[in-house]
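Order of the sequence lines fixes the chain letters, A, B, ..., with proteins taken first and strands second; residue numbering starts at 1 for each chain.
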Amino acid sequence: MTTALSLRFPADFHFEHTIYSHGWCALFPFLVDRASGTLTRAVGDGASGSGVLRFSLPSQRRPRCELLTRGKPSAARLSAFASAARGILHLDLDLRPFHERMRTEPATEWIARARAGRMLRGETFFEDVVKMILTTNCSWSLTETMNARLVDTFGAEVAVGAKVAVGAEASSGSHLFPTAAAIADSSEDFLRREVRLGYRAPYVLELAHRVATGALDIESYRTADLSANELHRALRDIKGVGEYAASNLLKLLGRFDSLGLDSWCRAKFAELHNGGTVVPDSEIEAYYTRFEEWKGLVMWLDVTRHWYAEKFPF
DNA sequence: GCGTCCAGGTCTACC
DNA sequence: GGTAGACCTGGACGC
């Protein structure tokens with residue numbers, strides 16, 4: 001059955017600019033339908049408390065949010081699904097100070113006008129960390145492939161009695177992102193040989209073990225009253241999470257004071273600001289330093305500005 | 001075909 | 001603390 005979820009959206013919310021904010025919408029269990037402007041994904045615990053969230057236009061400011069489930073969800077489950085939806089769209093992030101700052105310069109005024117800056121997140125922070133590890137040192141297409149195999153192999157299937165997706169996407173699109181316990185129950189050899197994670201396999205397995213056993217309460221990072229530096233240190237303590245990954249994970253926690261440069265950002269910065277010649281990271285850092293606690297977000301929006309003017313690549 | 005390079009990096013050993 | 005080298009995969013490219 002389909003149930004409408006009532007979510008409170010911030011005044012500066014923009015649906016498409018959130019779901020296309022970075023590559024997560026192209027990674028299962030997210031599914032985007034560009035033609036209809038719809039984002040869907042399976043959420044829940046893998047049992048009766050599972051369903052599919054469907055966000056859709058017509059309104060960019062207040063998109064429709066529906067829940068597809070096999071039976072009627074209890075009030076408690078509805079509340080849990082609404083909470084998941086809020087987390088995925090990061091609705092609790094207050095971007096008003098950011099947009100106020102962006103309006104103070106002609107070069108960044110477009111960001112406030114576009115209501116850009118909110119980033120799509122996984123259902124759990126565990127999902128975000130695993131996906132970030134899968135982006136390291138490989139092409140984007142390989143990230144998509146590894147993630148799809150991971151979801152297919154370990155993600156519980158969610159049946160809601162309605163068609164969620166068609167064609168090749170139907171399978172992974174109706175699976176949950178794997179739990180830490182499901183991955184921890186595997187082996188490094190299996191993750192290398194079957195899921196083909198390569199040298200990332202021991203990193204993902206160790207993370208899954210730590211989370212599944214309770215040794216690492218990674219979900220608390222989303223609400224922890226820790227400084228950005230403390231969170232950064234905690235993230236760097238995860239094997240496979242280096243400077244790039246930690247900084248970009250901080251962005252998904254609403255902390256934007258580090259850049260999180262990768263080769264793509266460096267090349268894009270060079271193209272935009274230095275005639276195509278790559279510059280040292282220190283020069284990129286200096287360029288954005290005036291934006292202080294927002295510099296990581298300003299950098300990301302600067303190098304992806306053409307997406308907003310032309311076409312989102314996902 | 002086949003070899004090489006490298007892509008949305010990170011870790012470890014060594015200095 | 002700084003740096004070189006190893007590390008999986010798979011697509012692009014040159015031959």
Side-chain angles (χ1 to χ4, degrees), chain A residues 19-28 30 119-122 127-153 168 172 183 186-210 216 218 229 231-253 256 258-273 276 278-282 284-285 288 295-308 311-314:
Chain A
I19 67 175
Y20 293 122
S21 53
H22 63 132
W24 263 208
C25 65
L27 298 178
F28 292 125
F30 283 115
M119 304 180 95
L120 189 68
R121 311 194 300 176
E127 174 182 336
D128 287 333
V129 177
V130 171
K131 284 179 172 174
M132 199 64 76
I133 290 174
L134 299 190
T135 69
T136 58
N137 197 29
C138 64
S139 62
W140 179 250
S141 64
L142 183 56
T143 297
E144 290 179 310
T145 304
M146 289 188 287
N147 180 71
R149 280 195 291 255
L150 200 65
V151 172
D152 259 347
T153 307
S172 305
I183 297 175
S186 174
S187 68
E188 181 182 330
D189 183 56
F190 184 86
L191 290 173
R192 282 182 186 271
R193 210 164 21 81
E194 300 297 325
V195 193
R196 307 187 73 77
L197 298 187
Y199 67 85
R200 302 164 196 83
Y203 302 154
V204 171
L205 187 61
E206 181 182 313
L207 171 66
H209 268 297
R210 292 175 69 190
L216 176 63
I218 204 170
N229 280 340
L231 280 170
H232 189 270
R233 273 197 297 276
L235 291 170
R236 287 299 308 270
D237 191 44
I238 299 170
K239 282 272 186 65
V241 174
E243 185 54 36
Y244 148 83
S247 294
N248 283 296
L249 285 167
L250 279 175
K251 289 174 188 164
L252 299 182
L253 295 172
F256 305 105
S258 51
L259 297 187
L261 296 170
D262 55 28
S263 55
W264 187 84
C265 290
R266 292 183 182 98
K268 203 68 199 174
F269 180 89
E271 177 189 326
L272 292 172
H273 301 293
V278 174
V279 300
D281 287 0
S282 56
I284 304 178
E285 186 79 30
Y288 294 106
K295 64 187 176 190
L297 187 53
V298 176
M299 183 281 297
W300 178 247
L301 290 167
D302 190 32
V303 299
T304 59
R305 181 175 182 174
H306 59 293
W307 294 357
Y308 296 79
K311 182 176 180 292
F312 290 99
F314 307 108

- Enumerate the residues from residues 243-252 of chain A whose closest heavy atom to DNA chain B is under 4.0 Å, giving them by residue number; use none for an empty result. Glu243(A), Tyr244(A), Ala245(A)
- Ring centroid separation Phe30(A) to Phe314(A) under 6.0 Å: no
- Message: Considering every strand and a 4.0 Å limit on heavy-atom distances, what is the contact class for Leu191(A): base, sugar-phosphate, or nothing?
- Response: nothing
- Query: Among residues 131-142 of chain A, which residues get a heavy atom nearer than 4.0 Å to DNA chain C?
  - Reply: Asn137(A), Leu142(A)
- Query: Under 3.5 Å, is there a donor-acceptor pair between the side chain of Arg305(A) and the main chain of Asp302(A)?
  - Reply: no
- Spacing of the P atoms in dC8(C) and dA13(B) (rounded, Å): 15 Å
- Message: Going by the rule side chain to side chain donor-acceptor pair (under 3.5 Å), which residues pair with Arg196(A) if we only count those two or more places apart in sequence or in a different chain?
- Response: none
- Query: Residues in ring pair (Phe, Tyr, Trp, His ring centres under 6.0 Å) with Tyr20(A), at least two apart?
  - Reply: Phe312(A)
- Note on the structure: Note: chain A reaches DNA chain B at heavy-atom distances under 4.0 Å over the stretch, first to last nt, 5' to 3', of dA7(B) to dT12(B)
- Query: Are any non-hydrogen side-chain atoms of Leu207(A) and Val204(A) less than 4.5 angstrom apart?
  - Reply: no
- Measure across Phe28(A) and Ala148(A) and return the closest heavy-atom pair with its distance rounded to 0.1 Å. CD1-CB, 3.6 Å
- Check ring pair (Phe, Tyr, Trp, His ring centres under 6.0 Å) between His306(A) and all other residues, then give those that pass, not counting sequence neighbours. none
- Message: Taking side-chain contact (heavy atoms from CB on, under 4.5 Å) as the definition, give me every residue that meets it alongside Glu271(A), ordered by chain and number, with sequence neighbours left out.
- Response: Lys268(A)
- Query: Which pair of non-hydrogen atoms, one from Lys131(A) and one from Asn147(A), has the smallest distance, and what is that distance?
  - Reply: CE-OD1, 3.5 Å
- Can you list the stems that DNA chain C is part of, where a stem is at least 3 pairs in a row, each Watson-Crick or G-U, with both distances below 3.5 Å? B:1-7 with C:9-15, B:9-15 with C:1-7
- Starting at the 5' end of DNA chain B, which residue's closest nucleotide do you reach first, Phe314(A) or Lys239(A)? Phe314(A)
- Query: Where along residues 199-206 of chain A does a heavy atom fall under 4.0 Å from DNA chain C?
  - Reply: Tyr199(A), Arg200(A)
- Any chance you could lay out the salt bridge (charged side-chain N to carboxylate O under 4.0 Å, His left out) test for Arg210(A) and Asp237(A), step after step, and finish with the verdict? CA-CA 12 Å; Arg210(A) 292 175 69 190; Asp237(A) 191 44; 3.4 Å; yes
- Query: Counting distance only, does the side-chain N/O of Ser21(A) pair as donor-acceptor with the main-chain N or O of Leu120(A) below 3.5 Å?
  - Reply: yes
- Message: Run the side chain to side chain donor-acceptor pair (under 3.5 Å) test against Thr135(A) and tell me which residues pass, sequence neighbours left out.
- Response: Tyr244(A)
- Query: Can you name the ring pair (Phe, Tyr, Trp, His ring centres under 6.0 Å) partners of His232(A), sequence neighbours left out?
  - Reply: none
- Message: As a test of understanding, state which of Tyr308(A), Trp307(A), Phe269(A) forms a ring-ring contact (aromatic ring centres under 6.0 Å, His included) with Trp300(A).
- Response: Trp307(A)
- Query: For atom C1', what is the distance between dG8(B) and dT3(C), given to the nearest Å?
  - Reply: 23 Å
- Query: Side chains of Asn248(A) and His22(A): donor-acceptor distance under 3.5 Å anywhere?
  - Reply: no
- Under a 4.0 Å heavy-atom criterion, DNA chain C is touched by chain A from dC7(C) to dG10(C)
- Test: Lys295(A) and Glu285(A) ion pair at under 4.0 Å: yes
- Task: Run the salt-bridge test on Arg236(A) and Glu243(A) with the 4.0 Å N-O cut-off and return the result as yes or no.
- Result: yes
- Task: From the options Leu191(A), Thr136(A), Val195(A), select the one residue that forms a side chain to side chain contact (heavy atoms under 4.5 Å, CB included) with Arg200(A).
- Result: Thr136(A)
